[in-house]
Amino acid sequence: MQLNPQQIKAVKAAKGHLLVIAGAGSGKTRVLVERMAYLMRDKEISPAALFAVTFTNKAAREIRERLEQTLDRTLNTMWVGTFHGLAHRFLRTHWRDADLSEQFMILDSDDQQRMLKRIINELQLDDAKFKPRAVASFINGCKDEGQRPQNLQTGQDYYTDTLINLYTHYEQQCQDQNLVDFGELLLRTFETLKENAELRSHYHSRFRNLLIDEFQDTNSIQYAWIRLLAGPDVSVMAVGDDDQSIYAWRGAKIENIHRFERDFAPVSTIRLEQNYRSTDKILKAANAVISNNADRLGKELWTDLGAGESIYLYAAYNEQDEARFVANRLSQYVDQGGLYNEQAILYRSNAQSRVLEEALLRAAIPYRIYGGQRFYERLEIKNALMYLRLIQSRLDDTAFERIINVPPRGIGERTVEQIRSLARQDGIRLWEASNRLIAQSALPGRAKTAVKGFVELIDSLDQHAVEMDLPALARIVIDQSGLVAYHGSEKGERGQARVDNLNELVSACRGFEPENEDSSVLLEFLSQASLDAGEQQADPDADAVQLMTLHSAKGLEFKRVFLVGAEEELFPHRMSLDSVGGLEEERRLAYVGITRAMEYLTISYAETRRLNGRDQFGLLSRFVKEIPNDLIEEVRLETQINRPLSSPSLGARPLGRQHKHPRFQSWEHSDSEDFGFGIGSRVDHGTFGEGTVLSFEGSGPQTKVQVSFDDGSVKWLVMQYAKLVPLG
DNA sequence: CGTGGTTTACATTAG
DNA sequence: GTAAACCACG
């Protein structure tokens, strides 16, 4: 396909700074890739002189692959990656200048919170007032803004002062243990570059072009980093869309777009407003929703792909019904010759994926989940990684604490406390403290044997590390540590799943290709495990439905999109309701969601949803109500429709009902057969009494129907025998 | 003192 | 629904 005039302008722009305001589906990635190809091919700029940064590993991978395809060459060493990934690369190269150990390890948010919890306890603070999570968010927020503890103003109030104190302690411990958290990767890189003129000028003469994707999502420190990298003769191209800014919660500043125009003046600005992705109705809906936000840069997307299908809205009885409905639609499409991987289910929060997964499993629909519980963050995997970390570095107290008694080996809280206290007293690491305690025989006999056993285990595993390759080491570690036996003995299917995952880890090690030849493979692997969530578990080529959160869907597109859980308090999420900014960010998220769809979009919501173990009644999301009625068709699976779906005693009827357009009612669809009642109908059973129909399965007289009876029981009944009477 | 079973608090989004 | 916190037992 040809590039349009604006796209060409962006691709072939002369030297200088460039801001591309690119709406959803306007060919942003393509422009970025074409631009890079143009620079290399036509301007004969070396790949080593390009620096391209994005936000997700997925996006980075895509840019690299598309570029390699366009230029027909491999570009392994080119600086294309996420901010965190590139910062990591920088620090691995310049660890000395950055005042880090060569062995530094990455601390993920879980590790970070554990560490803070320990510090909070050590300082004997009220743990109800100082929650690890909140403290972590304070520290991360500071780092996002480039603030070190010493930059912060103390003496305001006890709470703030304590937070700053915690930050100081935390930072000290990270430095002692060679640990670097996500925020630190960025901040440390920035500071190193800032304080080292030599390094700076090295990179100024190296990188001739900086390209930044999703510019609206950059936070202060990322922006500052880019500014530092942009030398006097460097061209910066920033590509972004203020309407797709969805990361304010982690410090992203939409204002950076305006700042860019000022700080980098003169900047030529190009707008890409033609959408090549979605049909008109979908685009109109997206435009209508986003127009409710104030202070937009202003941009109206248009398309010439034709009106397309209506947007469908399905009011599900509950989340099970919603999942079943989606599953039906997914396979219907495949029955008509479509592919699973052209379809995606998008949701607001990861917790929603479970029910969907179950429904897909039942319907034998292949699927692939992105994000959520990351592979490398699973309990059993984390444990295994911690063994590897301790093998790599005995200074790593975080790893030490985590596995000293996992699997249980007779080292309890008391013993660990003794180790801790010696470490604190002598200013040494837990590992060293353990060794001293053993040597001094300062521990009770049983504990001493146990700790000695642990120390010897790690040392012996380390011996293997020298002579074995990574997968063999991983195998030995999970076997000899007892992790396989321990997790395998967990009850139910869980045990087996955990063992499978541990085996999967060995496979991941086997498939691991280190980027950096001169550093230790183990170290590289551990770093990658922290930075890259490990999404390569499933076969990427398999034809599977894609499941992911709205956040991770950004930058992607699908022929058919199912946007589920469109309920107030879920989407927009209740946590975001207390501020205008929060709500507007949710709306941008809705905009992102809608604009992922190329041809077909179904939005669904559940009138009842079991969340956190409680049944909650959902009202249709305000974002759906912001879509003009004439773009939406309400889907009814039942032939009989005039039934209140919530039980009468619960009062308020969901807003979706009031929203009903008269002509929707004539639109009938029969996924299920006509039994005189449908999902949500009230029925009477001779023995069990009255209840509400939850779902159907099968067809003909063999059809099974699931009914929730008023006594609280839920039963599957065979239609043929149940003799259910619809209640009018 | 350490372990296993049981209760209770707690819940976005992500590198 | 999960993981930390708690408590009784060996």
Next item on the list: Report the residue (A:Leu379 or A:Arg446) whose heavy-atom-nearest nucleotide on DNA chain C is the more 5′ of the two.
Entry: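 Closest to the 5' end, via its nearest nucleotide, is A:Leu379.
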d([atom1], [X]; [atom2], [N]) in whole Å:
X: A:Gln352; N: B:dT12; atom1: CD; atom2: P; value: 12 Å
X: A:Arg610; N: B:dA11; atom1: CZ; atom2: P; value: 19 Å
X: A:Leu556; N: B:dT13; atom1: CG; atom2: C1'; value: 15 Å
X: A:Arg133; N: B:dA11; atom1: CZ; atom2: C1'; value: 8 Å
X: A:Gln112; N: B:dA14; atom1: CD; atom2: C1'; value: 13 Å
X: A:Glu585; N: B:dT13; atom1: CD; atom2: C1'; value: 8 Å
X: A:Lys554; N: B:dT12; atom1: NZ; atom2: P; value: 21 Å
X: A:Glu377; N: C:dA3; atom1: CD; atom2: P; value: 12 Å

Note to self: Need to verify one output field. Residue with the more 5' nearest nucleotide on DNA chain B, A:Ala447 or A:Leu589?
What the structure shows: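 Here A:Ala447 is the residue nearer the 5' end.
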Check: Closer to the 5' end of DNA chain B via nearest nucleotide, is it A:Thr415 or A:Ser530?
Finding: A:Thr415
Notebook entry, point to check: Once you round to the nearest 0.5 Å, how far does CD of A:Gln352 lie from OG1 of A:Thr549?
Noted result: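 That separation rounds to 10.0 Å.
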Notebook entry, point to check: Taking atom CG of A:Asp396 and atom CG of A:Leu388, what is their separation to the nearest 0.5 Å?
Noted result: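 If I round to the nearest 0.5 Å, the distance is 11.5 Å.
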Notebook entry, point to check: Can you say whether the rings of A:Tyr387 and A:Phe454 are parallel (under 30°), tilted (30 to 60°) or perpendicular (over 60°)?
Noted result: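 Plane angle over 60°, so perpendicular.
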Notebook entry, point to check: When all nucleic acid strands are considered with a 4.0 Å heavy-atom cut-off, which category describes A:Phe55: base, sugar-phosphate, or nothing?
Noted result: sugar-phosphate
Check: With a 4.0 Å cut-off on heavy atoms, is A:Thr56 in touch with a base, just the backbone sugar-phosphate, or nothing at all?
Finding: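 Counting heavy atoms under 4.0 Å across all strands, the contact made by A:Thr56 is with sugar-phosphate only.
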Taking the side chain of [X] as its heavy atoms from C-beta onward, which of [options] lies nearest to it?
X: A:Lys131; options: B:dA14, B:dC10, B:dC1; value: B:dC10
X: A:Trp249; options: B:dA14, B:dC1, B:dT12; value: B:dA14
X: A:Arg414; options: B:dT12, B:dC1, B:dA14; value: B:dC1
X: A:Met575; options: B:dT12, B:dA14, C:dG1; value: B:dT12
X: A:Asn405; options: B:dT3, B:dT12, B:dA14; value: B:dT3
X: A:Tyr247; options: B:dG2, B:dA14, B:dG4; value: B:dA14

Can you tell me if the side-chain N/O atoms of [X] get under 4.0 Å from OP1 or OP2 in [N]?
X: A:Arg250; N: B:dA14; answer: no
X: A:Ser552; N: B:dA14; answer: yes
X: A:Asn350; N: B:dA14; answer: yes
X: A:Thr549; N: B:dT12; answer: no
X: A:Arg354; N: C:dT2; answer: yes

Margin query: Does either side chain, that of A:Arg368 or that of A:Tyr370, offer a donor lying less than 3.5 Å from an acceptor on the other one?
Written below: yes
Item checked: Check: A:Arg574 side chain, B:dT12 base, donor-acceptor under 3.5 Å -> no
Check: Does B:dT12 have A:His573 stacked on its base, where the ring centres are within less than 5.5 Å and the planes differ by under 30°?
Finding: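 Aromatic stack with B:dT12 present for A:His573.
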Item checked: Ion pair check, A:Glu456 and A:Lys452, cut-off under 4.0 Å ->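 Salt bridge: yes.
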Checklist line | ring-ring contact (aromatic ring centres under 6.0 Å, His included) involving A:His573 - partner list, sequence neighbours excluded | finding: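 Residues passing ring-ring contact (aromatic ring centres under 6.0 Å, His included) with A:His573: none at all.
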Margin query: Among A:Glu567, A:Glu569, A:Glu319, exactly one meets side-chain hydrogen bond (donor to acceptor under 3.5 Å, both in side chains) together with A:Arg609. Which residue is that?
Written below: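 With A:Arg609 as partner, A:Glu567, A:Glu569, A:Glu319 yield a single side-chain hydrogen bond (donor to acceptor under 3.5 Å, both in side chains), made by A:Glu567.
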Notebook entry, point to check: Does A:Lys253 count as lying over the ring of A:Tyr223, i.e. NZ or CZ under 6.0 Å from the six-ring centre, within 45 degrees of the axis?
Noted result: no
Item checked: Residue pair A:Gln103, A:Leu526: steps toward the side chain to side chain contact (heavy atoms under 4.5 Å, CB included) verdict -> CA-CA 11 Å; A:Gln103 310 278 312; A:Leu526 290 169; over 6 Å; no
Return the polar atom pairs (N/O with N/O) between nucleotides 4-7 of chain C and the protein under 3.5 Å, or none.
| from | atom 1 | to | atom 2 | distance (Å) |
| --- | --- | --- | --- | --- |
| C:dA4 | OP1 | A:Arg114 | NH2 | 3.4 |
| C:dA4 | O3' | A:Lys117 | NZ | 3.3 |
| C:dA5 | OP1 | A:Lys117 | NZ | 2.7 |
| C:dA5 | OP2 | A:Lys117 | NZ | 3.1 |

